[in-house]
Protein chains: 2
Amino acid sequence: MPHQDLQLLGHDCGSCPIRHRAVCARCDADELQQLEHIKYYRSYQAGQTVIWSGDRMDFVASVVTGIATLTQTMEDGRRQMVGLLLPSDFVGRPGRPAAAYDVTAATDLVMCCFRKKPFEELMTKTPHVAQRLLEMTLDELDAAREWMLLLGRKTAREKIASLLSIIARRDASLKLKSATGAVAFDLPLTREEMADYLGLTLETVSRQMSALKRDGVIGLEGKRHIMVPDFDLLVEEAGDDSDGGFLV
Amino acid sequence: MPHQDLQLLGHDCGSCPIRHRAVCARCDADELQQLEHIKYYRSYQAGQTVIWSGDRMDFVASVVTGIATLTQTMEDGRRQMVGLLLPSDFVGRPGRPAAAYDVTAATDLVMCCFRKKPFEELMTKTPHVAQRLLEMTLDELDAAREWMLLLGRKTAREKIASLLSIIARRDASLKLKSATGAVAFDLPLTREEMADYLGLTLETVSRQMSALKRDGVIGLEGKRHIMVPDFDLLVEEAGDDSDGGFLV
DNA sequence: AATTCCGGTTGATCTACGTCAAAGCGACTT
DNA sequence: AAGTCGCTTTGACGTAGATCAACCGGAATT
């Protein structure tokens, strides 16, 4: 079984520090066999649109590698990102024929798609899958609510710090230096995408990034590589009172 | 069977214009019987706190009558509402021991609670319940994402208009005059609660309400009774491009 | 090596909304 | 009738972040 299958199915992550989000982490062999029959892979280049809001969507999918975004757009062009999909995250809604948001590849992207009809059938037969999906959806709902606090009440500086710590936490390379409290990672988003995530303009994002750099909270190498000397300090800047963003 | 049971179970709403959200709209008699055994009712007065964030929570529940809010608070007191629970909405997360948000009664409130342990067991046995819960959670996720667009990108005036149209849409009294495009309803929230919903201050809420009144978009009778002469105009003010906020 | 392009930075200015403060108003208490 | 309490409105003023505009710098193109 190729690597991405393992990742998708959640069996290579015994030491994964974050809650694992793949669809069928607890499926048995027979169920896996059935999923095997209805799945196929699709690749997208960075910047490519996966689906437009309103399009017919006859599959559900899981991100294998790369990053995708969900965004909403108003008639006059104002845009708000409403979802950031990292590897193992799930897209698509059983029981809805059309996509509700634009899905875009932020980086080169590989998705594992399941044909919707048979997936839904599998869901009615195997309680595991529905329950796992419920768990994942509840996690997403929690993330959305954390995000709402960010959008509604945080300052620009706090928003940036929050986003950086969210990305750092979900990025595997985090593990490299975690003992010392220092972290380094590559930003998968442009300044504009960050702005769409945070409900800011790209200019404000740029200014606040510079400010965090000036104040020694982060280091910048080029435009994308972020070095965080003290992760706790970053989290403090983010203004979070939660237990690091992962409840339970 | 008393009225609230009927409402909870979703059997008195054949003509309900909004998507019905009760837990067990599709349960069979046997399942209902089991739910019957693990449920009890609780009442709260307006303003009373149902649960504090972090508290042990050994039940899940469904709102029977009244309105409850979910809010998050930062250390320095900034507050953001992240959920508004109307009758038939569900609170609580199977599989999590503690509450993640403050739950407060915005009006006098009756909730139908299910003891968590047996509810979870019922869920593993009856696919209906898990699937219904998944559906409801996905609806909530959609609402949260619509809300994120509001918080991140809408102006104060648009935010107010959006909130009013959301409440109007979910309020039963809406039906009374819908043929003419006119609607009237009572606001269940104080200005401060509206502000917490919208990521604004209560002063800005008050000013924008006055502005909408001055411009004839709404009429105010006292502080709480809202009359909307032309619902489409209100929706236009809200800046929504969606199909009225209810996706398929 | 020059040109273009794209994403990013920085500066000057504007404005929507927040902050602080005072006063209105209906409901309840004495 | 007067006082007080909670909620709301309104005004004067301040500011964080938006807007508009110029410029920068690396990578790809010629």
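Below, chains carry the letters A, B, ... as their sequence lines are ordered, and counting in each starts from 1.
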Please examine the side chains of M194(A) and K159(A), heavy atoms only from C-beta on, and report whether any two atoms are closer than 4.5 Å. no
With a 4.5 Å heavy-atom cut-off, do Y101(B) and D142(A) have their side chains touching? yes
In this structure, how many angstroms lie between the P atom of dA18(D) and the CG atom of L198(A), rounded? 10 Å
Between P on dT10(D) and CZ on R191(B), what's the gap in Å once rounded to a whole number? 10 Å
Which part of the nucleic acid does S206(B) contact within heavy-atom distance under 4.0 Å: base, sugar-phosphate only, or nothing? base
How would you summarise protein contacts on nucleotides 15-28 of chain C per nucleotide, using B for base, S for sugar-phosphate only and - for none, with heavy-atom distances below 4.0 Å? --SSBB--------
Heavy-atom side-chain proximity of D139(A) to R93(B) below 4.5 angstrom: yes
Between R78(A) (CZ) and dT19(D) (C1'), how many Å, whole number? 14 Å
Between CD of E193(B) and C1' of dC7(D) the distance, given in whole Å, is 11 Å
Value in whole Å for how far the P atom of dT9(D) lies from CD of E192(B): 13 Å
To the nearest angstrom, the CG-P distance between L189(B) and dC7(D) comes to 13 Å
Do L189(B) and L84(B) have side-chain heavy atoms sitting under 4.5 Å apart? yes
Whole-Å distance between dG17(D) C1' and K159(A) NZ? 9 Å
In this structure, how many angstroms lie between the C1' atom of dT10(C) and the CZ atom of R214(A), rounded? 13 Å
N/O donor-acceptor pairs under 3.5 Å from side chains in residues 211-226 of chain A, not counting sequence neighbours:
unit_1  : atom_1 : unit_2  : atom_2 : d
D215(A) : OD2    : R157(A) : NH2    : 2.1
R224(A) : NH1    : L187(A) : O      : 3.0
H225(A) : ND1    : D186(A) : OD1    : 2.9

Is there a side-chain contact between T104(A) and Y44(A), using heavy atoms and a 4.5 Å cut-off? no
